[in-house]
Undergrad: 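If you scroll down you'll find the structure; I have some questions about it.
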Amino acid sequence: MGKKSFTNQEIAKLLKQMAAVFEVKNNNFFRARAYTNASIAIANLTTSVQILWQEGKLNEIPGVGKNLSQHLNELFSTGKVKHFNREFKKVPQGMFSLLKIRGIGPKTAYKLSVKFKLNDSATAIKKLKKLIKEKKLKGIKGFGEKLPEKIKSSLNLQAVSSKRMLISTALSIADDFLSYLNSQKSILKAEPLGSLRRHSSTIGDIDIAIRTKNPKEAMNKALKYEEIGKVISSGESVARVKFKTGHEVYFKLSSPQEWGSLLQHYTGSKQHNILLRTLAQSKGMSLSEHGIKNKRGKSKKFKNEKSFYAYLGLSFIPPELREGEDEIKSAQKNKIPKLVKLEEIKGDLHLHSDFKFPSSHDLGASSLFEIFNKARELNYEYLGFADHNPKQAGLTYKGRESILKRRRKYLVTQYQEYEKRVKTRVPKLLIGLEIDIRPNGDLALEDKLINALDYAIVSIHSSFNQDRNKTTKRILSALKHPKAVILGHPTGRMINKRSSIQANWGEIFTFCAKNNKIIEVNADPSRLDLPSDLIKQAIKSNAKFIINSDGHHSSQMKNIKFGVWTAKKGWSKSKDILNTQSLAELINVLNSKAVN
DNA sequence: GCCGTTTTCGGCCCGACTGTTTTCAGTCG
């Protein structure tokens, strides 16, 4: 019996392999493409497919229809799909390992694995390396001098990095390159494309658009950037390079006349573009990165994206929403919402202070003055400290009470001191706490001490692997406390490190909406939690959010932008976000006590 | 195998780049 738990990446891989088999064996190109489309959709999905299956929502995945739903059902129920396994047996197993090599697709992988009898996926790559070394690829039809070399260099480059990077990492790499490009005379403007422009939580490759009237010179300059370690490919208008750090960067040149189409095309997502082209097709038009061809084959170019979308009868779709879900249908009906903006954020309620005490988790590192200064820089109207609750072990109730009293005094005294010194535009101070939700749903602090706070953020910091029902009850139980108004980093995920807890989010969102509980969008780039797909779902339940930095250092307060981007990707409007509201409004919500 | 505001049948995104050819196939985004 196979295992019964599958990640999205594992499922995407299975579908990709099926597509490869169909492409080389069954001579069914469109069936192959259907599997490829589903594979891409699943690889980009932030919700676990297995959870969607549990909730009977498999058909909500674009590209997954009746048949694939049945196959996935079989996969989750029995640990395997008989149909898939039958198809896989039609090709040498080594073919699937070769597919991982950049530059080798289904046709080449099949050809090589048949020719050299690469029947074992575990040894196929090793054997291929040996064959290249012994120059045995030369005689094969379609293989000249360069292809073996290309495969060899792909294999050498491959080992470096496989995981997608955090958006914060990608942004800092891109920003350096962009400022280099933007300082070149021949370059009018350079800006990010792809998932970085769509503000995805993780980024694969860094894509850059370059606007120029002199493409030859611009390409020359771009390729001379000192961080470039290797040029993978380069033509007149596009190039792919590898930085010395191992990161792959792709850049694309265009004239000002075609700039709108270029931005649109390479911002993607791929799914979004496929849907756009299907729409264009139904209108007798044809899309490319150069423009739109009408029925009579006449081309129209676009200087900006707005006119491009308008030509297709669509209102402008912000990059954050271009994920190939329902954004095109919304744009057709002129129903794209006005998304929340960074400038609308009026405060941050999840900051950790440097007050020293035996805390259950890590303390903040910056002085309060540094934090107040930063808050003024960000034009905040209010500011809330939510240090972790004092330890349970080794402290008595009296001990905890005394700690929290001293903490309040420290915060208030420092604040008054700062007010005296600075006088103007000093944000209002709120004193909260981030309290652990214990495995049984209790809060890790006595009621009386909780009630003395302005507010409490309640968060899970332990026992992440409880089952779905237990976790759901645990969270709801914690939120029943009148002071527990904010659910901190709800899923507990750490991107690339720890997966989300399993819970019935629909039930939690409904509860929050009904009882004025606020869901945090934690802006720490390694969390981005609540993730955008769940934000989108929660908005449908009328739940409200607060975007917090969770800063343990004043320099992290500016991370709030990552939270805003995540909220945007979840289709949030400013009225969905509590900390776009005035202090009076905020306090009103923090003090509302009704729990049914 | 998926999908639907001309369709539940009959279509299925488009172009750049590379390497091998000499007009095209494969791969990628």
Undergrad: Of the nucleotides B/dC28, B/dG4, B/dG15, which has the atom closest to the A/Arg102 side chain?
TA: B/dC28

Undergrad: Would you say the side-chain atoms of A/Thr212 and A/Asn214 include a donor-acceptor pair closer than 3.5 Å?
TA: no

Undergrad: Let's see if you can work this out: which of B/dT18, B/dG26, B/dG29 has an atom nearest to the side-chain heavy atoms of A/Lys107?
TA: B/dG26

Undergrad: Check residues 170-179 of chain A and write down every donor-acceptor pair under 3.5 Å in which the side-chain atom is one partner and the other belongs to a residue at least two apart or another chain.
TA:
from: A/Ser172; atom 1: OG; to: A/Thr169; atom 2: O; distance (Å): 3.1
from: A/Ser179; atom 1: OG; to: A/Asp175; atom 2: O; distance (Å): 3.0
from: A/Ser179; atom 1: OG; to: A/Asp176; atom 2: O; distance (Å): 3.1

Undergrad: Taking A/Glu327 for its side chain and A/Arg322 for its backbone only, find out whether a donor-acceptor pair lies under 3.5 Å.
TA: no

Undergrad: Verify whether one side chain among A/Ser288 and A/His290 offers a donor that lies under 3.5 Å from an acceptor in the other.
TA: no

Undergrad: So which nucleotide from B/dT20, B/dC14, B/dC12 ends up closest to the side chain of A/Phe30?
TA: B/dC12

Undergrad: C1' atom, B/dC2 versus B/dT8: distance in rounded Å?
TA: 12 Å

Undergrad: Write down the distance separating the P atoms in B/dC28 and B/dT23, rounded off to the nearest Å.
TA: 26 Å

Undergrad: Salt-bridge test for A/Arg198 and A/Glu320: reply yes if a basic N is under 4.0 Å from a carboxylate O, no otherwise.
TA: no

Undergrad: So does A/Lys536 pair up with A/Glu323, basic N to acidic O under 4.0 Å?
TA: no

Undergrad: Mark yes or no for a side-chain to base donor-acceptor pair under 3.5 Å between A/Lys270 and B/dG29, with no hydrogen or angle criteria applied.
TA: yes

Undergrad: In this structure, which stretches of DNA chain B are paired as stems of three or more consecutive Watson-Crick or G-U pairs, both distances less than 3.5 Å?
TA: B:1-4 with B:9-12, B:14-19 with B:24-29

Undergrad: What's A/Leu276 touching, base or sugar-phosphate or nothing? Going by heavy atoms closer than 4.0 Å.
TA: nothing

Undergrad: Establish, with yes or no, whether the OP1 or OP2 oxygen of B/dT27 is under 4.0 angstrom from a side-chain nitrogen or oxygen of A/Ser154.
TA: no

Undergrad: Please determine, for the side chain of A/His83, which listed nucleotide (B/dG19, B/dG4, B/dG1) has the closest atom?
TA: B/dG1

